[in-house]
Novice: 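Pasting a structure here, questions to come.
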Protein chains: 2
Amino acid sequence: MASKAVPSETQRSKLERKERVILEAARAIFVDHGFDGARMQEIARRAGIGEGTIYSYYESKAELMLAVLEQFWDGLTLEAEGVMASVQATDFFDRLQALAQYHLNTVIVNADFINLTFALRRNNSEVSVSRDHLRHYVAVFDRLFLRGQDRGELRTDAVLWQARDIFYGSLEYSARSIEMTLEDDRKPREQEPVVEQMVSLFRAHYGARPEREAADGATLAGLSRQIEQLTEKVDMLSGRLS
Amino acid sequence: MASKAVPSETQRSKLERKERVILEAARAIFVDHGFDGARMQEIARRAGIGEGTIYSYYESKAELMLAVLEQFWDGLTLEAEGVMASVQATDFFDRLQALAQYHLNTVIVNADFINLTFALRRNNSEVSVSRDHLRHYVAVFDRLFLRGQDRGELRTDAVLWQARDIFYGSLEYSARSIEMTLEDDRKPREQEPVVEQMVSLFRAHYGARPEREAADGATLAGLSRQIEQLTEKVDMLSGRLS
DNA sequence: CGAAAATATCGAATGCTATTCAATTAGCCT
DNA sequence: AGGCTAATTGAATAGCATTCGATATTTTCG
């Protein structure tokens, strides 16, 4: 009986396993050779299957790459969430710094995949990474930011999408610049301060400012208090004089 | 005699003209069909020459695209400089807004070329847009920024490369987001405030603050001084009265 | 259990293109 | 003019994704 109990369940998991094997092989080959450089034959060989078989799992090379990319972004999302979970600090800016450092590094290391994510739509018709996968990734930032607002560390009138554009946009642009200066003969731009500068901008621009100080330490609330006291005194004096 | 004077000068300019014709045809076809969709045959037909002839002008399809891209970036540089020249305002932030508006629009309209600029390096070996062409383009921003510093409109301790990364990075990221929400069923994000927000961030973060004034011209330091003087007077008076 | 039906796999054949190259043409010089 | 060089051509080549008929494996059901 047991020997007969081999229903579609087993078959399904078998197919799913094979699909994972193909995806894993594809990922490896794409990483090594890029999209154009990757040969379907080599992917098939690495997955231990025939060339044609790939096409019963994925429509085309482009769709295979797309599956790899979506898996890639999901992986990034998990990693970013992992970074957020492992940061001890509860302070918004410390956590932001950790996320920024992670993202910058990721973007530099995986520049090719990230470019392909947005180039695929153009080159190959109708094929593009689902927006949901990208949305999930940036949601890590969004949650951090909203929490910062809830905790009163960030201005409540800050515009989330603008902060997000600045965060991810600047970091990706910086990564490209860093890469370019690396291949360059010229003095490479220091990578280190990028993240610090970013955090410091966020602190200055989005940080809640319970008390903005002038150069000499004067604050609005402080001055207001002094004026009240003065007014009292003056009133007293003028009362005595009359 | 005159009929005989047809030296290499004529020949050279003829070749150069043909090169321009090829480039123009390639540009048109690439714009219409993208890189992969473009057929060398069609480019040749449009340029009115044989297929093989292209290869005596450009090594490969990728190098042809590269030439198109470099021409494209040079064109953008000229246009950006044109925008800067045509803006009447001398105020830094007004000029910045004009540049931002131009860049955002450009990035949205030419998203495919811009992606290809950075994707080419990855896909096709050894082929990438010369960094100089990109540098020239961003130099428009750099000059504007440095001038703003010279004129005392911007903090002198502002870091140029950071400002540049934020400017171009955020705008490009915003453009992608806008594009994505456009193809989306969801409510599209409003494009308009992107530029305004950007300028306002620059004003707040990089603007020189010789004395941040309230609406009525009051400054913290000024009020602080006035209060000190008042306090002195009051103390003197109260001393005299006692 | 066994055979038919359905499904999955295979890799040689196909088709599409960028690229090459041998033949041809046009330009230049004496 | 006529020889020499450089440019041009498009048919032939070659590389690769994709298809498809043949084959193997699994499932179904009498």
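We name chains A, B, ... by the order of the sequence lines, and we start the count at 1 in each one.
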Novice: Mind checking the CZ-CG spacing from B:F118 to B:L134? Nearest 0.5 Å is all I need.
Specialist: 5.0 Å
Novice: So, A:K18 side chain and A:A47 main chain: donor-acceptor pair closer than 3.5 Å or not?
Specialist: no
Novice: At what distance, to the nearest 0.5 angstrom, does OG of A:S170 lie from NE2 of A:H103?
Specialist: 10.0 Å
Novice: Is B:R147 close to B:F92 at the side-chain level, that is, under 4.5 Å between some pair of heavy atoms?
Specialist: no
Novice: Show the distances under 3.5 angstrom between N or O atoms of the protein and N or O atoms of nucleotides 24-26 of chain C.
Specialist:
none

Novice: List in chain and number order the residues that pass salt bridge (charged side-chain N to carboxylate O under 4.0 Å, His left out) with B:E81, two or more places apart in sequence or in another chain; answer none if no residue qualifies.
Specialist: B:R143
Novice: Base, backbone or nothing for each nucleotide of nucleotides 9-15 of chain D, written B, S, -, heavy atoms under 4.0 angstrom, 5' to 3'?
Specialist: BB-----
Novice: Report yes if the side chains of A:Q149 and A:Y206 come closer than 4.5 Å at any heavy-atom pair, otherwise no.
Specialist: no
Novice: Parallel, tilted or perpendicular for B:Y168 and A:Y173, by the 30°/60° rule?
Specialist: parallel
Novice: Test of understanding: with side chain to side chain contact (heavy atoms under 4.5 Å, CB included), list the residues that count as partners of A:Q97, not counting sequence neighbours.
Specialist: A:V195, A:E196, A:V199
Novice: Considering the terminal five base pairs at each end of the helix from C:dC1-D:dG30 to C:dT30-D:dA1, what angle separates the two local helix axes, rounded to 10°?
Specialist: 10°
Novice: Could you list the donor-acceptor pairs under 3.5 angstrom formed between side-chain atoms of residues 65-76 of chain B and any protein atom two or more places apart in sequence or on another chain?
Specialist:
unit_1	atom_1	unit_2	atom_2	d
B:E70	OE1	B:H133	NE2	3.3
B:E70	OE2	B:S130	N	2.8
B:Q71	OE1	B:R27	NH1	3.3
B:W73	NE1	B:T117	OG1	2.9
B:D74	OD1	B:H133	ND1	2.8
B:D74	OD2	B:H133	ND1	3.3

Novice: At their closest point, which heavy atom of A:T77 faces which heavy atom of A:H136, and how far apart are they?
Specialist: CG2-O, 3.7 Å
